[in-house]
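Working notes for the structure below.
In the text below, chain A, chain B and the rest are named by the order of the sequence lines, each starting its count at 1. These values consider heavy atoms only, across backbone and side chains, with no hydrogens, waters or symmetry-generated copies.
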Amino acid sequence: MEVRTRFAPSPTGSMHVGNARTAIFNWLFARHHNGKFILRIEDTDLERSTRENEEKLIEDLKWLKIDWDEEPVRQSDRTKIYEEYALRLVKEKKAFFCFCTDEVLSSKREKMMAEKKAPHYDGSCSRLSDQEIEENLKKGVPYSIRFKVDQKDIIFQDLIKGEVNIKAGMFGDFVLIRSNKMPVYNFSVVVDDALMKITHVIRAEEHLSNTARQIILYQALGFPVPFFAHTALILADDGSKLSKRHGATSVEEYRKKGYLSDGLFNYLSILGWTPPEEGKDKLSRKELIQFFDTDRVAKSPAKFDLSKLNWLNGEYIKEIPFEELRPVLLSLMGQNYDLFFYNQDEIEKILLLGARSLSYLSQIIKEVELFFISPENISKPLSLDEWKQEPHTALVKRFYEEVSKAETLNEEFFGTLLKNLGKELGAKGKNLFMPIRLFATGQEHGPDLNTVLTLLGKNKILKIIEQCLSF
RNA sequence: GCUCCCAUCGUCUAGCUCGGUCAGGACAUCGGGUUUUCAUCCCGGUAACAGGGGUUCAAAUCCCCUUGGGAGUACCA
C-alpha cells in the first residue's frame with residue numbers, strides 16, 4: 001500500500017511554526033516511506049480565508065523546500081462533492097435537514113449552558129415529518145445538513161498517543177453543510193481524505209477529540225478509516241500557547257530575521273521528535289528523511305526553545321561560504337546605517353568582524369552597531385562597575401592620554417601601545433585587555449580589539465571613554 | 001461542568017513495551033585550557049524521574065488517587 005499524507009492548512013493568516021512542523025512531519029513521513037505528500041487548502045471559512053494568505057502559505061512551504069506531488073486541492077472548489085455526499089447521507093437517513101436559525105440555536109445554547117448542560121443540538125429538526133421538510137424546502141427556508149449522531153464510544157489506535165477512547169455524549173447532531181452550502185471542517189476533511197486516499201493523517205493534538213466525529217463519518221460513508229497520528233502542541237517558554245506576545249511565531253518572521261531554511265527545518269523536525277543517534281541533532285534533509293518515523297514522536301507538548309534554534313541555525317550559517325553571505329549582510333547593514341562614514345576597505349573589515357558568529361543573519365545589525373551609533377548613545381555595560389576601580393581605571397586613563405596625543409592610529413599603534421602600557425602598569429591578559437575593551441568600546445564582547453579600535457578612530461574612542469568614565 | 005490527552009535536568013528529550021542504568025545525550029549555564037582580550041574550538045562540572053499510595057526482593061518503568069498543564073464540547077479550522 002502506498003503511503004499518502006497531506007498538509008491541509010487554512011489560509012487564514014501567516015504560517016505558524018506549529019503548522020510548519022506539521023507540514024514537515026507529514027512531508028518527512030511520506031518521503032521516508034516513499035509515498036506521496038499532498039497539499040490541500042482548507043478555505044471553507046469564507047470569512048477568514050484569502051487568496052493572499054494562500055499565496056503566502058505556498059511561498060513559505062517553498063522556502064522550507066517542502067514540495068508536493070500532486071496538484072493542490074482547494075476545498076472551496078469542491079462544494080458540490082461535499083453536498084453530494086451529505087445528501088446521500090440524508091437519503092440514507094443518517095443525516096437530516098435543519099431549518100433552525102442562528103437566533104434559535106444560540107438561545108437554546110445559552111439556555112443549556114445556564115442549566116449546566118453540554119450545549120449540544122437538541123435534535124429537533126431530526127424529528128420533522130417528511131411533509132414539514134417538504135414545505136420548508138419549497139418555501140426556500142435556509143437549511144443546514146446535520147449528521148444524526150449514534151451515541152456510542154469510539155476507540156482508535158493513534159500512532160503517537162496509543163489507544164484513545166472517546167466516550168459517547170461528546171457532541172450532538174453536528175452540522176455537515178452550512179446554510180451557505182459550505183461544508184464544515186469535520187465533514188470536508190473526511191470526504192477529502194477518503195477521496196484523496198490519504199493513508200496517514202498526521203496533525204496537531206487539537207484535532208484529537210474531533211477524530212471521534214470523523215471516524216463515525218468514515219463509517220457512515222463507508223470509507224476505510226486512515227491511520228491517525230496526533231502531535232502535541234508547541235508551547236511558548238512560559239508554557240502557554242505560542243502567541244504573538246512571545247515574539248516571532250510565523251515562518252515568515254523567522255525568514256525575515258535571517259534564519260536559514262535548513263536551520264528552521266532541522267529545528268522544527270527535532271522539536272518533539274528525537275533522532276535515533278544520541279548527540280546528533282544537526283541532520284541533513286536526507287538524514288531526516290532516512291530516520292523520521294512516528295514512533296519517536298513525543299506525546300507531550302514541547303516548548304519552543306529559541307536558544308537551541310539559534311545554535312542550530314548558527315551551525316548552518318557557518319557552512320555557508322562568506323562570499324554568499326556578504327551581499328545579504330551588506331544590504332542588511334545598508335538598510336540600518338549610513339555606510340558612507342567609512343571607506344570600502346573599512347566597511348569590508350566591519351562586515352568581517354560582525355559576521356564572525358551569527359545565529360541569524362539580521363544579527364549583523366546589532367553586531368556592528370558600535371561602529372555606527374554615536375558615543376553618547378552607548379549604554380552602560382553590565383560589568384562596568386566591576387572594572388571601574390584601581391588599578392584598571394589608571395590603565396584606562398593612561399590609554400586615554402596616549403591616544404589623545406597620537407597622530408596616526410592604526411592596528412600597529414594599538415598593538416605596541418597595549419604592550420607598553422601592560423609593561424608600565426604590570427597588567428597582562430584579561431586585566432590588560434578588558435578595561436580597554438570595556439571603556440573604549442562600551443562592550444565586554446567584541447572582535448579583535450586592535451582592529452575595533454582602529455576602525456573606531458581617535459574621536460570616538462575618546463568620547464566613549466569619557467562616557468564610560470561618567471557612568 | 002463533561003470528555004480526552006499529557007507529566008524525567010532551566011529547555012528539547014533517551015530510558016517505560018519486557019521493573020535491576022552512577023537515570024544518558026543535545027541546547028543553555030558554570031568552570032578550565034587555547035586566544036595577552038572577545039568570539040571560535042577543546043576539556044570538565046552543576047542540574048531531573050510532579051506528589052501520595054500500592055504491587056514487588058527491587059519501580060522513572062506496572063496499577064490507583066491527587067495535583068498541574070493542554071485540547072475538545074460551534075453553521076472556526
Side-chain angles (χ1 to χ4, degrees), chain A residues 8-12 19 42-45 47-49 98 100-102 105-106 109 113 115-121 142-146 153 158 160-162 164-172 174-180 182-186 188-189 203-213 230 232-233 235 237 239-241 267 270-282 296 298-312 318 353 356-357 367 418-419 422 427-438 441 443-450 452:
Chain A
S10 59
T12 53
N19 276 126
E42 307 215 327
D43 56 351
T44 54
D45 181 349
E47 307 278 303
R48 298 194 295 152
S49 303
C98 174
C100 296
T101 59
D102 275 352
L105 253 21
S106 58
R109 189 162 29 227
M113 299 243 270
E115 288 167 15
K116 299 229 162 174
K117 281 196 279 192
H120 295 157
Y121 181 66
Y143 62 87
S144 62
I145 298 177
R146 283 181 186 271
D153 295 358
D158 188 273
I160 294 168
K161 301 285 185 183
V164 178
N165 189 337
I166 311 267
K167 287 222 164 50
M170 274 314 295
F171 35 82
F174 56 89
V175 170
L176 262 24
I177 305 285
R178 297 178 175 92
S179 43
N180 70 358
M182 277 293 165
V184 144
Y185 167 75
N186 278 304
S188 52
V189 252
R203 73 210 335 181
E205 190 178 11
E206 51 196 291
H207 296 288
L208 192 59
S209 307
N210 285 328
T211 306
R213 263 198 190 77
H230 289 91
L233 265 32
L235 270 25
D237 51 10
S240 67
K241 220 172 156 174
Y267 176 68
I270 61 167
L271 186 61
W273 171 72
T274 313
E277 194 184 327
E278 255 191 11
K280 195 179 176 199
D281 286 350
K282 181 167 179 280
R296 291 175 74 85
K299 294 177 175 184
S300 46
K303 291 180 185 172
F304 194 89
D305 184 1
L306 192 59
S307 65
K308 186 139 189 177
L309 201 216
N310 282 344
W311 165 74
L312 200 49
K318 280 179 202 162
L353 291 181
R356 294 183 314 158
S357 70
E367 292 297 311
L418 281 241
K419 202 176 279 178
K428 60 178 178 180
K430 204 173 181 123
N431 284 333
L432 171 61
F433 279 74
M434 245 341 216
I436 307 293
R437 177 183 288 284
L438 204 57
T441 73
Q443 301 180 336
E444 45 243 34
H445 304 287
D448 177 74
L449 191 53
N450 294 340
V452 175

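Under the Watson-Crick or G-U wobble criterion, with both distances below 3.5 Å, B:U21 has no partner in any strand shown. Under the Watson-Crick or G-U wobble criterion, with both distances below 3.5 Å, B:C41 is paired with B:G33. Across all strands shown, B:C2 forms a Watson-Crick or G-U wobble pair, both distances under 3.5 Å, with B:G72. With both pairing distances under 3.5 Å, B:A7 is matched to B:U67 as a Watson-Crick or G-U wobble pair.
With C1' as the reference atom, B:G15 and B:G24 are 8 Å apart, rounded to whole Å. Atom name C1', nucleotides B:U46 and B:G31: the rounded distance is 10 Å, in whole Å. On the P atoms, B:A77 is 42 Å away from B:G51, given to the nearest whole Å. On the P atoms, B:U17 is 25 Å away from B:U11, given to the nearest whole Å. The separation of B:U8 from B:G68, taken at their C1' atoms, amounts to 16 Å, rounded to a whole angstrom. Comparing B:U21 with B:C2, their C1' atoms sit 42 Å apart, to the nearest whole Å. Nucleotides B:A60 and B:C22 are separated by 15 Å at their C1' atoms, to the nearest Å. Taking atom C1' in both B:C65 and B:C9, one finds a spacing of 27 Å when rounded to whole Å.
Backbone-only engagement by A:His120 is indicated by non-hydrogen atom pairs under 4.0 Å involving sugar-phosphate atoms exclusively. Using a 4.0 Å heavy-atom distance criterion, A:Met170 is classed as a base contact. Across all strands shown, A:Asp281 has heavy atoms under 4.0 Å from sugar-phosphate atoms exclusively, and none from any base. A:Glu444 comes within contact range of the sugar-phosphate backbone alone, with a heavy-atom separation under 4.0 Å but no base atom that close. Nucleic acid contact for A:Pro301: sugar-phosphate only, since backbone atoms but no base atoms lie under 4.0 Å from a heavy atom of the residue. Using a 4.0 Å heavy-atom distance criterion, A:Ala232 is classed as making no nucleic acid contact. Base contact: A:Cys100 has a heavy atom under 4.0 Å from a base atom. In this structure, A:Leu449 reaches the bases: a heavy-atom distance under 4.0 Å links it to at least one base atom across the strands shown. Note on A:Ile270: only backbone sugar-phosphate atoms sit closer than 4.0 angstrom, heavy atoms only; bases stay farther off. Among the atoms of the strands shown, base atoms are found under 4.0 Å from some heavy atom of A:Lys419. Contact annotation for A:Ser307: backbone-only contact, meaning every heavy-atom pair under 4.0 Å involves sugar-phosphate atoms and none involves a base. Within the 4.0 angstrom heavy-atom criterion, base atoms lie near A:Arg48. Nucleic acid contact class of A:Gly272 (heavy atoms, under 4.0 Å, all strands): sugar-phosphate only. Across all strands, A:Thr12 comes closer than 4.0 Å to no nucleic acid atom at all (heavy-atom distances).
When RNA chain B is scanned in the 5' to 3' direction for atoms under 4.0 Å from non-hydrogen atoms of chain A, the outermost contacting nucleotides are B:G1 to B:A77.
Between A:Tyr267 and A:Phe304, the ring planes are perpendicular. Angles over 60° get that label, and only those under 30° would be called parallel.
One finds the CD1 atom of A:Ile177 at 8.5 Å from the OG atom of A:Ser188 (value rounded to the nearest 0.5 Å).
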